[in-house]
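These notes are about the structure you will find just below.
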Amino acid sequence: EIDNKWEMYFPLFINFIASIGSFFITLMVIPGLKSTFLKANLFGIDMNKKIGNKIPEAMGVVSGCIFITTLFMFIPVPFKNYLTENENFPHHEFVELLAALLSICCMLLLGFADDVLDLRWRHKLLLPTIASLPLLMVYYVNFNSTLIIVPKPLRSWFGFSINLSLFYYIYMGMLAVFCTNAINIYAGINGLEVGQSIVIAISIMIFNIIELNGVLHKAHQFSLYFIIPYIATSLALFKYNRYPSQVFVGDTFCYLSGMTFAVVGIIGHFSKTTLLFFIPQIINFLYSVPQLFHFVPCPRHRLPKFNKENEKLDPSTVVFKKTELNFIGRFIMSIFRNLKIVNWQEDNEGIVTCNNLTLINFVLIKIGATKESNLTMILIFVQILSSITAFFIRYPLASVFYDV
Ligand code: UD1
Ligand code: MG
């Protein structure tokens, strides 16, 4: 028993120490690389400032590389006891660790490619799908368990469990696509991309720690190996990305984060709980659907609009002719208007001015013009409240649907 506890905590302890190291390395490395990135033309204009400064972009590649390197060096630690004896080596666990790393590494590469090449939207769906392939293939060889437990209220129709087979793989692939893009489109004000990701990561970490004494402790231990160094490197990145941003994180960081969450959720068999930590991102996605699927025109940038007079942010808008909308567009927007969740102004000529459909703009409509720094803090606070709600759903409420 005591031996087992030590077996469990020793790798986590090493991982924690390594993560502290990676935090300081990230902190040290980023400032020196700013000019390198600017020279390579990797920069973005900070649009919500009086003077639009050139800010080095895609710095997520730096924190990401340090995150991955930390994990590379960590590979032998959980297997140290098997290094001297060849019997009983847990090849299953080993290959999972490698596959998870391969998927995250692949996502880092593709995310960076997106930042450098500024890819089109359809590629944004393709990249995470490609990056999740190594993981899904290993999942197929290793477990191939695609059985899901049916929630109690539905059991009279579907029975206790159903085998989703191929559909389960489609679900897992879509999870990677969702997690990566959902973070990427909930962005545009200083510090929000990293801030939300850190809150999600800490929520996953707390969940793993709670479950560490349960029957599935191996899976949660595995997840912690990834989440702890992820949090460490992202915290260091946050120091430079928070308001006023000295660096932008780029799509590289959003993809890397989403992929990390999807990977630990899939391998740890807690993908539904992972999704629970994405409540603001899910709301932002659903609200964005009309623009994402072009039922309503979607400008390249939907981030809030800077007001030079009071230096606050207002909701940004999109202007179009009402006749431009097709049947579906008009139908959805009439629902949105009835629910009073959009700011819709129409003049005599049928020219419509509507806010861009993002959660950030929605919050601005509700609370009025806000300073950028405060807005980020409010949205991160909303993210924390959502996580608390998620824990409430996961623990007391889950017993209504499952035997937990
Ligand atoms: C997504 C959003 C887009 C939003 C953008 C902001 C969708 C469909 N896409 O696009 O609406 O405008 O993210 O990140 O919702 N920037 C700032 N301040 C910040 C962060 C970013 O001004 O705090 C600007 C900078 O000019 C930066 C650019 O946004 O260069 C980065 O945009 P990018 O990540 O390339 O946009 P997408 O992810 O394609
Ligand atoms: Mg982006």
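FYI, the numbering just counts along the sequence from 1. Both ligands and their constituent atoms are indexed starting at 1 by order of listing. What you see is a predicted model, and the numbers here were worked out from it, not measured in a lab. Scope of the values below: all heavy atoms of this structure, side chains included, with no hydrogens, waters or symmetry mates.
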Option passing salt bridge (charged side-chain N to carboxylate O under 4.0 Å, His left out) with E311 (candidates K49, K50, K371): K50
Quick one: look up the protein heavy atom nearest atom 18 (N) of ligand 1 and list residue, atom name and how far away it is. G188 O, 3.4 Å
Give the numbers and elements of all ligand 1 atoms closer than 4.0 Å to a heavy atom of D46. 18 (N), 22 (O)
For atom 27 (C) of ligand 1, what is the nearest protein heavy atom, given as residue, atom name and distance? E57 OE1, 3.4 Å
Which is closest to atom 4 (C) of ligand 1 by heavy-atom distance: K124, H301, K49, M47? H301
The Mg ion (ligand 2) reached by D251 (N, O or S, under 2.8 Å): yes
Identity and separation of the nearest protein heavy atom to atom 8 (C) of ligand 1: W121 CZ2, 3.4 Å
Distance to 0.1 Å, residue and atom name: give those for the protein heavy atom nearest to atom 11 (O) of ligand 1. R302 N, 2.8 Å
Using a heavy-atom cut-off of under 4.0 Å, does the side chain or the backbone of I189 touch ligand 1, or both, or neither? backbone
Is F43 near ligand 1, meaning one of its heavy atoms is under 4.0 Å from it? no
Looking only at protein heavy atoms, what sits closest to atom 26 (O) of ligand 1 is I45 O, 2.6 Å
Using the ring centroid of each side chain, check whether F253 and F248 are separated by less than 6.0 Å. no
Taking NZ, NE, NH1 and NH2 as the nitrogens, is one of them in K54 or D46 under 4.0 Å from a carboxylate oxygen of the other? no
Which residue and heavy atom of the protein sit nearest atom 35 (O) of ligand 1, plus the separation: R300 NH2, 3.1 Å
Which option wins on minimum heavy-atom distance to atom 38 (O) of ligand 1: L42, N48, N184? N184
Taking heavy atoms and a distance under 4.0 Å, where does L292 meet ligand 1: side chain, backbone, both or neither? side chain
Closest protein heavy atom (residue, atom, distance) for atom 17 (C) of ligand 1: F248 CZ, 3.6 Å
Under 4.0 Å between a Lys/Arg side-chain N and an Asp/Glu carboxylate O for R300 and D118? yes
Which bit of D251 is near ligand 1, meaning a heavy atom under 4.0 Å away: side chain, backbone, both or neither? side chain
If I compare all heavy atoms of I227 with all of A201, which pair ends up nearest, and what's the gap? CG2-O, 3.5 Å
